[in-house]
Peer 1: 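Attaching a single structure in structure tokens format; questions to follow.
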Amino acid sequence: MKVFLIAGARPNFMKIAPIARAFDKQNQINYKIIHTGQHYDQNMSDVFFEELGIQQPDYHLGAGGGTHAQQTAKIMTGFEEICEKDRPDLVIVVGDVNSTLACSIVAKKMHIKVAHVEAGLRSFDLSMPEEINRMVTDSISDLFFVTEEQGMTNLLKEGKSRDQLHFVGHVMIDNLFYQLDKLKKMDTTTFPTTQFKQTHPEYGVVTLHRPSNVDTKESLVSIFETLAIISETLPLIFPIHPRTRKNMEAFNIEPGPNIKLTEPLSYMAFLNLWKDAKLALTDSGGLQEETTALGIPCLTIRDNTERPITVTQGTNELVGTSKKKILESFKKIMNNDWKTGQCPKFWDGNAAERIVKVIEN
Ligand code: UD1
């Protein structure tokens, strides 16, 4: 059996790594890695392959940026050519990025089976490109690997049959535990953030890149004003995504003096930072889940989340972009008056093994 494992953008790399490791432990299934090239900067892509120990991609589509249609189209035509000359039996897509959508459509139209890892998540907010990607991918997938119970409920409501659904837990959390173990044995003094960590016994970590937060001046200015107030009490460090950096420059936004901006960080350097943070302020889907897994307080600068278990069981709260709500939550965290949370079911480091078992059967 031949499987294609698709990765394109930064959050995909940590999700395919544990699946590749689990495939490496068996010999019934051959797999190839396809990098769509959706993310292309060294620090948005290559560094993850190196650190996460993923083999070099068997195919690189070099799609690059562009509008959604341009990027999706480039990935689709590149991926179709590969499937024509080296047809797989199954295509595994992960997450909700444009590469996930593009490759699942191509495979399905070529009558190749599609498995979606992280299926069933719904924000019910169609202004998010990721929600459209999730819905379309799930509407045509054959096998669904689900990270939390709400994902099962959503897919059943959408008419999927129970035997297609597999509640396996979360491959990204597999990767988190695996890398955390590796981090304990690593020399972290060469990380670019070591000096910041040494000089700031308490700090918060910020990540922001959602178009709804960073693409309009009004929204980005208001978020930075709130961050500046927080940083008077708690210094902040902000590894900044290229989308956000471009918009900050376009809108002439200067961060406050207690907000340290850095280039996007490698997985290990970032993990070493947030695992010891007092809190995370973010609009990332992945960080909401990872902070829940390690019990770090997380304030999500969004009005909704497709990952509700991080709120109902974890350490995450949705604070929107309201200054008042963000600052109230911030005060609670600083007063050590925050929920401790618990690690959700099956977020135990074995999700990828479960996925490979299902595929083997
Ligand atoms: C994409 C995903 C989003 C994911 C995010 C993680 C979609 C619809 N969105 O959004 O779900 O959370 O990745 O980062 O798939 N850029 C660079 N270098 C790079 C990559 C991007 O400079 O290596 C620039 C692009 O030119 C563009 C901007 O960053 O101007 C945004 O990149 P893009 O891939 O369009 O979307 P993301 O915002 O990264």
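Counting starts at 1 for both ligands and their atoms, following the listed order. Quick caveat: nothing in here was measured; it's all calculated off a predicted structure.
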Peer 1: May I ask which of Arg243, Met128, Glu130, Glu131 has a heavy atom nearer to atom 36 (O) of ligand 1 than the others do?
Peer 2: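 Among Arg243, Met128, Glu130, Glu131, the closest heavy atom to atom 36 (O) of ligand 1 belongs to Arg243.
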Peer 1: With heavy atoms of His68 as the reference, note each atom of ligand 1 found under 4.0 Å away.
Peer 2: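 Reading through ligand 1 atom by atom, the close ones are 8 (C).
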Peer 1: Are Lys331 and Asp337 close enough for a salt bridge, meaning some N to O gap below 4.0 Å?
Peer 2: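 Not counted as a salt bridge, because no side-chain N and carboxylate O are separated by less than 4.0 Å.
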Peer 1: Check the orientation of His39 and His241. Use parallel for under 30°, tilted for 30 to 60°, and perpendicular for over 60°.
Peer 2: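 Aromatic pair His39/His241 classed perpendicular.
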Peer 1: Quick one: does Pro11 get within less than 4.0 Å of ligand 1, heavy atoms only?
Peer 2: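 Pro11: in contact with ligand 1 (<4.0 Å).
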Peer 1: Which ligand 1 atoms are under 4.0 Å away from a heavy-atom of Gln71?
Peer 2: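 So the answer, numbered in order with elements, is 34 (O).
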Peer 1: Looking at NZ of Lys278 and CG of Leu234, how far apart are the two atoms once the value is rounded to the nearest 0.5 Å?
Peer 2: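 If we round to the nearest 0.5 Å, Lys278:NZ and Leu234:CG are 8.0 Å apart.
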Peer 1: Show the atoms of ligand 1 that are less than 4.0 angstrom away from any heavy atom in Met44.
Peer 2: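 Within the 4.0 Å cut-off of Met44, ligand 1 contributes 19 (C), 23 (O).
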Peer 1: In the protein, what heavy atom is nearest to atom 2 (C) of ligand 1, and what distance, to one decimal place, separates them?
Peer 2: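 Going atom by atom, the protein heavy atom closest to atom 2 (C) of ligand 1 ends up being Val97 CG1, 3.7 Å.
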Peer 1: Is ligand 1 under 4.0 Å from a heavy atom in the side chain of His39, in the backbone, in both, or in neither?
Peer 2: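 Looking at His39 and ligand 1, atoms from backbone and side chain both fall under 4.0 Å.
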Peer 1: If the threshold is 4.0 Å, N to carboxylate O, is there a salt bridge linking Arg21 and Asp174?
Peer 2: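 Judged by the 4.0 Å cut-off on N to carboxylate O distance, Arg21 and Asp174 do not form a salt bridge.
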Peer 1: Is Asp125 salt-bridged to Arg302, cutoff N-O under 4.0 Å?
Peer 2: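 Salt bridge flag = no for Arg302 with Asp125.
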Peer 1: For a quick check under 3.5 Å, do Asn316 and Thr300 share a side-chain donor-acceptor pair by atom type?
Peer 2: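 Their side chains do contain a donor-acceptor pair, which is all the 3.5 Å distance test asks for.
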Peer 1: Note the single closest protein heavy atom to atom 27 (C) of ligand 1, along with its residue, its atom name and the distance in Å.
Peer 2: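 For atom 27 (C) of ligand 1, the nearest protein heavy atom is Lys246 NZ, 3.8 Å.
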Peer 1: If you take the centroid of each ring, where Trp contributes its six-membered ring, are His116 and Phe144 closer together than 6.0 Å?
Peer 2: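 Centroid distance Phe144-His116: not below 6.0 Å, so no.
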Peer 1: Where is the nearest protein heavy atom to atom 4 (C) of ligand 1: which residue, which atom, and how far?
Peer 2: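 Residue, atom and distance for the closest contact: His209 NE2, 3.7 Å.
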Peer 1: Tell me: protein heavy atom nearest atom 25 (C) of ligand 1, and distance?
Peer 2: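 Result: Tyr40 OH, 3.4 Å.
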Peer 1: Give a yes/no verdict on whether any heavy atom in Pro242 is under 4.0 Å from an atom of ligand 1.
Peer 2: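 Right, Pro242 reaches ligand 1.
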Peer 1: Would Glu148 and Arg307 pass as an ion pair if we require N to O under 4.0 Å?
Peer 2: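 Salt bridge absent between Glu148 and Arg307.
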Peer 1: When the ring planes of Tyr31 and Phe23 are compared, do they come out parallel, tilted or perpendicular, using 30° and 60° as the limits?
Peer 2: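 The rings of Tyr31 and Phe23 lie parallel, inter-plane angle below 30°.
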Peer 1: Starting from atom 8 (C) of ligand 1, locate the nearest protein heavy atom and write down its residue, its atom name and how far away it is, to 0.1 Å.
Peer 2: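 Of every protein heavy atom, Asn98 OD1, 3.2 Å lies nearest to atom 8 (C) of ligand 1.
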Peer 1: Just to confirm my output: which protein heavy-atom neighbour is closest to atom 18 (N) of ligand 1, and how far is it?
Peer 2: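 I find the closest protein heavy atom is Asp41 OD2, 2.9 Å.
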